[in-house]
Amino acid sequence: MRTLVALVTGLVVVQPAAAQTLAERVRTLETEHGLVLRAPASEDAALVSEVEAGLAALPPALRRAPGGPLELVLHPEPAPLGMGNDSERRPDWSEDRRSFHLYDFVPSQERRATLRTARLTDEELEQLWRRRAVVHAVMQRWDDARRWSRNPLWRRLSGWLVPFERPLTLREESLLSYEGAFSRARGQKSASLDLVTFAEELFVPVESLREGALPVNERVRCQEFSKTRALGELLATDGLGTLPPRAPCPAFDTWADTEKLSHFELLMAASTGRQPESLFGHLLMRPVWHEGAAPRGPSFEAVVQPVALTGMETGGPRYIVRGLSGGFSLGFLTSTLGDLTHETLELEQRTVRRFRLHLTPSEQVRLLERVWEMERRGYMPYYFLTDNCANALLFLINGALEEGRKVRSPGSLWVMPGAVLDAFTRVEVTRPDGARQPLLEHIPDNFESTGERALRAHESREEALEALSTRVESEVRRKLRLLHRRLQSPEPEKRREAWSRVPALVEAVLASAPEPERESVRTLLHAYLAWSVRVERSEVDRAEDEQLKVERARLVKIHTTVATPQEDVKERQLLFEREDVLQRKLATLDRIALLKEALATAERREPTEEEARILARAQAIETTFITATEVQGELHSGLLSEVDPLAFLEKDRRRKLQAEQALASRSLWTSGAARTAVTVGMDLGPSGQVRPVVGLRTAGLSQALGESYLHGYRPSSELRALDGEIRVEPRRGMPRILDSRLTLLGYRTLLREPPWHRSTLFDELGWGMETWLESREAGRSLPHRATAQAEALLVVDEGPHFEHYAALGLGARAALRWGGAEVAPAVGPRLSFSQRVGLPGSLANAVRLEAAWAPTYTLHRGLQHEAEASLRMDLLVGQWGHRGVRLSPRAQVRWEGRFDGMPSGQLEPRLDLAVEVM
């Protein structure tokens, strides 16, 4: 007897197919389910059977589509998968969705639609898509009625945007650009078709035709966790049924290990200050598991990175242009903490800050599922300013949040990592004890770059040297200081020679120390040498980075196939299509590994004289490091064997944590993004008259030198972008605009080479640049100006974290000035002085002095002089939670004129008070 097998909410129901005539079955479809079949469809017994099977695959409450009778119209013309494509020749719907059109079935060439059907016979393939067509038609009607695809629960999974939700978004579109992220190409057209085509695959999976037609790990329920869960929740909310629990998925379940999952961390790689593409930092995510029976080494812990898939392109103007214009794809890469350590902490010398996400246990599982899915199918165009690592993490995490929680994007024209951390902190969640807390919490335990660790080690060994100097005889003290100077030499050969003298000097120091002091001296010597070795290690990492750059520049011909970024993306997508293949191969997009692989067989030109020097220096640095570690090892086995190295490491870690906790407690929780302040003040006229002034300051980003932000950048750097101020004179009627200024981009840094590298004046210099537009009060000569300047900064004083500093600047300024019909270029030098003195309390509290003088030659007007100075105090008051009010009284004076024996010109004194909510 022929039977019809239907899956109903996970149970198999067997019905005799011959119990009714074909006409009776067609009539039953119409009366019970509102599904109308007319000739020739009603006369095709095979089609009627598949229509019945398609309906039976749906939960019972869904089998009658809302909106009245639904007619299935069969056409003799062939169409891929037997369904229309919304074209005039092959429509899928007509008559306001009262009729759904079927066509003669032919296989499709669409890769995603046929990806998991390769093991089906031709007959099974046709049965599959006939049943899916029925599910498509019914679910489309349900979505039209219930609008499930408009629910944020569904839309956030693929990042569906409505028209004008973002600039230049003129129609509904998804953030995901990869066709493989949808059940078939039709699903990429709209959120509704995304839902409906996914329902086809979910309710009529390949294995429903034949159990062994698809490996378990590749089945839709083991690949599309998020969409399955979302559709199930939408159905359950409307009382239309529940989906059966998910069966085991061995590959995912082994990787996720959800029972041991502890929490998730967001990681922010700080800017280097050297590479433009790293200026704003980089965001990553780290799942943290509890230690199990089998220890998981730190280097093998997972790190999730949204990255631009650039192949071997790592820098240069072309790289930057492609990053700004969408020339790369962005993908999600699960790498190891060891990879992150090597590339970020060692080669790029970028310290990584840590933040804990306070998610519910079920949200954590959902986030793991999202990571699994996005690594396989989550591709989107990469734009440095908007669709970057920060925006991608928002998209990833928002898809896992429950109870309507959402982290809002901090901008549409510019999405910065620091601002995204601000957005996470502003979302509050409820702790198990009922108290409220931010979704994101700072962990004062950074992953230190080897450069930062070397600076900390250098400060510590300076202290150890001072302590040793008080415990030994004068001659030994002199030798110790001489050794210390030699270990700070920029020349690795000199440091290596100094390391060879260490054992004898250690013996002399111990012999010189009084007996009661000997053990403390031994401990200090051990610490001094350990910190000095850390300095040598950072030199090796710096040298490796320089060596890789030289080797890249020397490439003449690469014998291995070097794929373009697009080819790399395609190869990665193909690899992740087959779970059984993927589990047998390690997928990686490590740019450093790709480069080294290419270098292994490449032809190289002879190095230039400078390149040869860099390569020789790198080799000498490595040799010096080997010597240092050998000396350290011998002493640990001999004269210093009584010192407990574990106790040293624990003490050093405690010291690091205490310093980071102290810094965090005084830092601001914001990032310096989206700042606004209101000012009130007065201007003093030349005859002593006073006029009131009201102003408004706004900034896309503003972080001044010496300010410490947990979500911001280095205190040694100042970064301002779209930082503007406008001042008006209040009066009856319309207020009068006095002046305005907009800084397009300004950057200053006092970060220099480490102390042991400073051998010339240039090693003591920071630098700065700024470009801005300004308009001055009407009636003045050439009131409108566009200016750019650059300067070198000599640091004459600095404190810890640049809480206080003083710097002299020497640079040049170029400007274009205009007013009326006159346009005049101007150029000249610029001298400046900057000083900051920190005040007690928050690191935002300070007194700042900024002064500058610029003699400027203006075409047709000759030499004029400009001078300005400001004295400003910043005080954070009324702080509550992560918010506070900052008051900034400021006194300014500007002068512009000539020196014709005596100075002449216009002096502009100003006083104001700015009020800013931080």
Side-chain angles (χ1 to χ4, degrees), residues 271 273 279 668 672 675 677 697 699 701-709 712-721 723 725 741 743-753 758 761-772 774 787-815 828-839 842-856 865-875 886 888-896 908-912 914 916:
S271 166
L279 189 60
L668 289 167
R675 296 176 62 174
R697 300 180 196 163
L701 175 66
S702 179
Q703 179 177 320
L705 279 168
E707 291 185 346
S708 182
Y709 295 80
Y713 311 108
R714 296 173 182 266
S716 59
S717 298
E718 174 177 284
L719 183 58
R720 293 184 295 134
D723 184 0
E725 179 177 6
R741 174 170 170 147
T743 298
L744 302 176
L745 180 65
Y747 183 75
R748 288 193 298 174
T749 180
L750 303 183
L751 185 66
R752 296 150 294 149
E753 291 290 326
R758 298 175 192 167
L761 175 63
F762 290 102
D763 297 332
E764 299 289 343
L765 298 179
W767 64 276
M769 58 76 62
E770 185 177 6
T771 176
W772 72 91
E774 63 180 328
T787 308
Q789 66 185 32
E791 61 183 342
L793 298 169
L794 176 63
V795 182
V796 295
D797 176 56
E798 65 178 276
H801 310 292
F802 292 86
E803 183 177 355
H804 64 83
Y805 64 80
L808 293 170
L810 174 62
R813 171 184 289 182
R830 181 178 184 270
L831 299 175
S832 67
F833 176 73
S834 303
Q835 185 172 18
R836 183 185 197 270
V837 178
L839 298 176
S842 168
L843 289 174
N845 298 340
V847 176
R848 297 177 178 277
L849 173 64
E850 300 280 347
W853 168 57
T856 304
H865 297 267
E866 297 180 28
E868 57 186 349
S870 70
L871 181 64
R872 167 176 159 177
M873 177 183 292
D874 293 325
L875 291 173
R886 181 154 74 171
S888 300
R890 178 179 62 173
Q892 286 182 292
V893 62
R894 298 179 65 174
W895 175 77
E896 183 176 347
E908 302 175 8
R910 301 174 179 175
L911 294 173
D912 62 37
E916 178 183 6

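Under the 4.5 Å side-chain criterion, counting only non-hydrogen atoms from C-beta, Tyr805 is not in contact with Asp797. Contact annotation: the side chain of Thr787 never approaches that of Thr771 to less than 4.5 Å [non-hydrogen atoms, C-beta and beyond]. Residues Leu719 and Leu745 form a side-chain contact, since some pair of their non-hydrogen atoms from C-beta on lies under 4.5 Å apart.
Residues forming a side-chain contact (heavy atoms from CB on, under 4.5 Å) with Leu839 (at least two apart in sequence, or on another chain): Asn845, Val847, Met873, Leu875.
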Legend entry - Full working for side chain to side chain contact (heavy atoms under 4.5 Å, CB included) between Leu701 and Tyr713: CA-CA 11 Å; Leu701 175 66; Tyr713 311 108; 3.9 Å; yes
Legend entry - Ser702 vs Arg675, side chain to side chain contact (heavy atoms under 4.5 Å, CB included): CA-CA, chis, key distance, verdict: CA-CA 7 Å; Ser702 179; Arg675 296 176 62 174; 4.0 Å; yes
Inset, instruction - Could you check His865 against Trp895 for side chain to side chain contact (heavy atoms under 4.5 Å, CB included), going step by step and ending with a plain yes or no? - result: CA-CA 8 Å; His865 297 267; Trp895 175 77; 3.6 Å; yes
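Side-chain atoms of Gln789 do not come within 3.5 Å of backbone N or O of Arg830 as any donor-acceptor pair. Listed for the Arg836 side chain is a donor-acceptor partner under 3.5 Å among the backbone atoms of Glu803.
Side-chain contact, Ser834 with Arg748: a donor N or O sits under 3.5 Å from an acceptor N or O.
Salt bridge status for Glu916 with Arg697: absent, with no side-chain N to carboxylate O gap under 4.0 Å. Here Arg910 does not pair with Glu725 in a salt bridge; the nearest charged N to carboxylate O distance is not below 4.0 Å. In summary, Glu718 and Arg848 do not engage in a salt bridge, as defined by a charged side-chain N under 4.0 Å from a carboxylate O. Remark: Arg872 engages Asp874 in a salt bridge, criterion side-chain N to carboxylate O under 4.0 Å.
The aromatic rings of Tyr747 and Trp767 lie tilted to each other, with the angle between the two planes from 30° to 60°.
Rounding to the nearest 0.5 angstrom, the gap separating the OG1 atom in Thr743 from the CD atom in Glu774 is 9.0 Å. Rounding to the nearest 0.5 Å places CD of Glu707 at 12.5 Å from OG of Ser717. From Leu765, atom CG reaches atom OG1 of Thr749 across 11.5 Å, with rounding to the nearest 0.5 Å. Annotation: the span from Glu868 atom CD to Glu896 atom CD amounts to 10.5 Å, rounded to 0.5 Å. One distance of note links CG of Leu810 with CG of Leu831; it measures 6.0 Å at 0.5 Å rounding. Between Asp912 atom CG and Arg890 atom CZ the span is 4.0 Å, to the nearest 0.5 Å.
Heavy-atom minimum distance, Phe802 versus Ser716: CE1-CB, 3.3 Å. Between Gly809 and Leu793, the closest heavy-atom pair is CA-CD2, 3.8 Å.
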